[in-house]
There are 2 protein chains.
Amino acid sequence: MLLSKSCVYGLRASLYLAARNQGEFIPIRTMSDKLEISFHFLTKILQQLTAEGILESFKGPNGGVRLTREGTEIQLIDIVLAIDGPQLLTECALGLPGCGVKNPCPLHDKWAETRDAIHEMLEKTTLTELVHKGKLENLRLTTEGGFDILFDN
Amino acid sequence: MLLSKSCVYGLRASLYLAARNQGEFIPIRTMSDKLEISFHFLTKILQQLTAEGILESFKGPNGGVRLTREGTEIQLIDIVLAIDGPQLLTECALGLPGCGVKNPCPLHDKWAETRDAIHEMLEKTTLTELVHKGKLENLRLTTEGGFDILFDN
DNA sequence: TATTATTGAGACTCTTTTATCTTAAAATAC
DNA sequence: GTATTTTAAGATAAAAGAGTCTCAATAATA
Ligand code: SF4
Ligand code: SF4
């Protein structure tokens, strides 16, 4: 898999937050229910995002988490780096240590190109952009549920 | 990681075979020594490639494995599919089951593009092509060893 | 102040991946 | 035919990833 499960869950939750973002704190339990992710597991993932300054949290009744910045200012790469780290964008395709131009493997040039394509996609895509698209076309964030199901009630 | 460790080892070994290919069987032990991969682990990986018809093996003295086809006719994708399966090229970036155009997630369009770029890279690159490049520029297949070290003696 | 709702943190378990070890089967060479 | 070299197959072990559980800390509210 390109992204770890933790990372994917972090992305889904971030999209959820960006879709509701009115500055309110959303309880993690709400998200874990709606997104069909284990509550405790999601909690740990969101703690990482909080530690990285992407989210802020508030304890107690009416507490929860929210984005620290506008969804327009958060790129997918921010979340990927916070959770999976930079490996995907820096590692050798052949798994050799210390990938770099001075000591490349035969795949280097081609892989560097592909890697850049991945990087660019993650860097140019904002949460808001995906939320707009998701709302317009009622796309899904869970196995079944489209944007409409997730956010009404 | 984009590719599993098994897959990467399979690729390295395939490149090794393509680089020496004179129709001779190469013992797995030779490859595991040269490529610094655990012998037993490499054996199991190459058994998969043999089962998929990419390699053929021969037991006993002077035995080993060799490519069934010319290196010019083996693409990286063949090895990736044999070891990691098609998941990388068919899975949803958000980990949702049954990725497809009828029920997409918000990332679908962008991910499909990126995925195609990966697919194309793997599909258009042959073993021979990488071997030529590796020999010309003495690139590495191990942490330290360039093509020259691996194949002399 | 007591209760409840919430995140934080850590221990723990389960699963998958990675790696090792042992034995069997096949082919050769003596 | 016996010993040797090699792959095949499967059991086992170690490490990493994914997921669960428990309890502590914080804040609101009754
Ligand atoms: S360069 Fe290659 S060895 Fe260096 S890193 Fe990139 S893919 Fe590998
Ligand atoms: S399509 Fe999307 S949901 Fe469907 S798969 Fe592709 S990335 Fe996902």
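Here is the naming used below: chain letters follow the sequence lines, and residue numbers restart at 1 for every chain. Values in this document were obtained by computation on a predicted structure and should not be read as measured data.
- For B:Glu120, the side chain to side chain donor-acceptor pair (under 3.5 Å) partners are B:Lys124, not counting sequence neighbours.
- Where A:Gly63 and A:Lys44 each meet DNA chain C at their nearest nucleotide, the meeting point lying more 5' is that of A:Gly63.
- A:Ile26 places its CD1 atom 15 Å from the C1' atom of C:dT7, with the value rounded to the nearest Å.
- Ion pair B:Arg12/B:Glu36 not flagged as a salt bridge, since none of the NZ, NE, NH1 or NH2 atoms sits closer than 4.0 Å to an Asp/Glu carboxylate oxygen.
- At whole-Å resolution of the value, CG in B:Leu46 and C1' in C:dA19 are 15 Å apart.
- Straight-line distance from the CZ atom of A:Phe41 to the C1' atom of C:dT15: 12 Å, rounded to whole Å.
- Atom CD of A:Glu113 sits in a sparse spot, with 12 or fewer heavy atoms from other residues, nucleotides or ligands closer than 6.0 Å.
- Following rounding to the nearest Å, B:Ile45 (CD1) and C:dT18 (P) show an atom-to-atom distance of 8 Å.
- Under the 4.5 Å side-chain heavy-atom criterion for ILVMFWY residues, no single connected hydrophobic cluster contains both A:Leu3 and A:Leu139.
- When the C1' atom of C:dA9 is taken as reference, atom CD of A:Gln48 falls 13 Å away, rounded to whole Å.
- B:Leu35 and B:Leu49 fall within the same hydrophobic cluster, where Ile, Leu, Val, Met, Phe, Trp and Tyr residues are linked whenever their side-chain heavy atoms come under 4.5 Å apart, directly or through other members.
- Applying the ring-ring contact (aromatic ring centres under 6.0 Å, His included) test to pairs two or more places apart or on separate chains, those with a residue in residues 13-41 of chain A are A:Tyr9-A:Phe41, A:Tyr16-A:Phe151, A:Phe25-A:Phe58.
- Applying a 4.0 Å cut-off to non-hydrogen atoms, none of the residues of residues 4-16 of chain B approaches DNA chain D.
- Take the nearest nucleotide of DNA chain C for A:Thr50 and for A:Pro61: the residue whose nucleotide is more 5' is A:Pro61.
- C:dT20 atom C1' lies 12 Å from atom CZ of B:Arg29, rounded to whole Å.
- Remark: B:Ser38 is in phosphate contact with C:dT20, judged by side-chain N or O atoms under 4.0 Å from OP1 or OP2.
- In this structure, B:Ile28 reaches the sugar-phosphate backbone alone: every heavy-atom distance under 4.0 Å involves primed, P, OP1 or OP2 atoms, never a base.
- When the C1' atom of C:dG8 is taken as reference, atom CD of A:Glu56 falls 16 Å away, rounded to whole Å.
- Listed by residue number, there are no residues of residues 79-88 of chain B with a heavy-atom contact under 4.0 Å to DNA chain D.
- Under the 4.5 Å side-chain heavy-atom criterion for Ile, Leu, Val, Met, Phe, Trp and Tyr, A:Met1 and B:Val80 are members of distinct hydrophobic clusters.
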Pairs under 3.5 angstrom only: tabulate donor-acceptor contacts from the side chains of residues 60-77 of chain A to other protein residues two or more places apart or in another chain.
residue : atom : partner : partner atom : Å
A:Arg66 : NE   : A:Glu56 : OE2          : 3.0
A:Arg66 : NH1  : A:Gly23 : O            : 2.7
A:Arg66 : NH2  : A:Glu56 : OE2          : 3.4
A:Thr68 : OG1  : A:Gly53 : O            : 2.8
A:Thr68 : OG1  : A:Ile54 : O            : 3.1
A:Arg69 : NH1  : A:Glu73 : O            : 2.9

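- Within 6.0 Å of atom NE2 in A:His132, 12 or fewer heavy atoms from other residues, nucleotides or ligands are found, so the atom counts as exposed in its surroundings.
- Comment: A:Glu144 does not engage A:Arg140 in a salt bridge, judged by the lack of any side-chain N to carboxylate O separation of less than 4.0 angstrom.
- Interface limits on DNA chain D: the 5'-most and 3'-most nucleotides within less than 4.0 Å of chain A heavy atoms are D:dA18 to D:dT29.
- Between A:Leu42 and A:Phe58, the residue anchored closer to the 5' end of DNA chain D is A:Leu42, taking for each the nucleotide with the nearest heavy atom.
- Atom CZ in B:Phe39 sits roughly 12 Å away from atom C1' in C:dC21 (whole-Å rounding).
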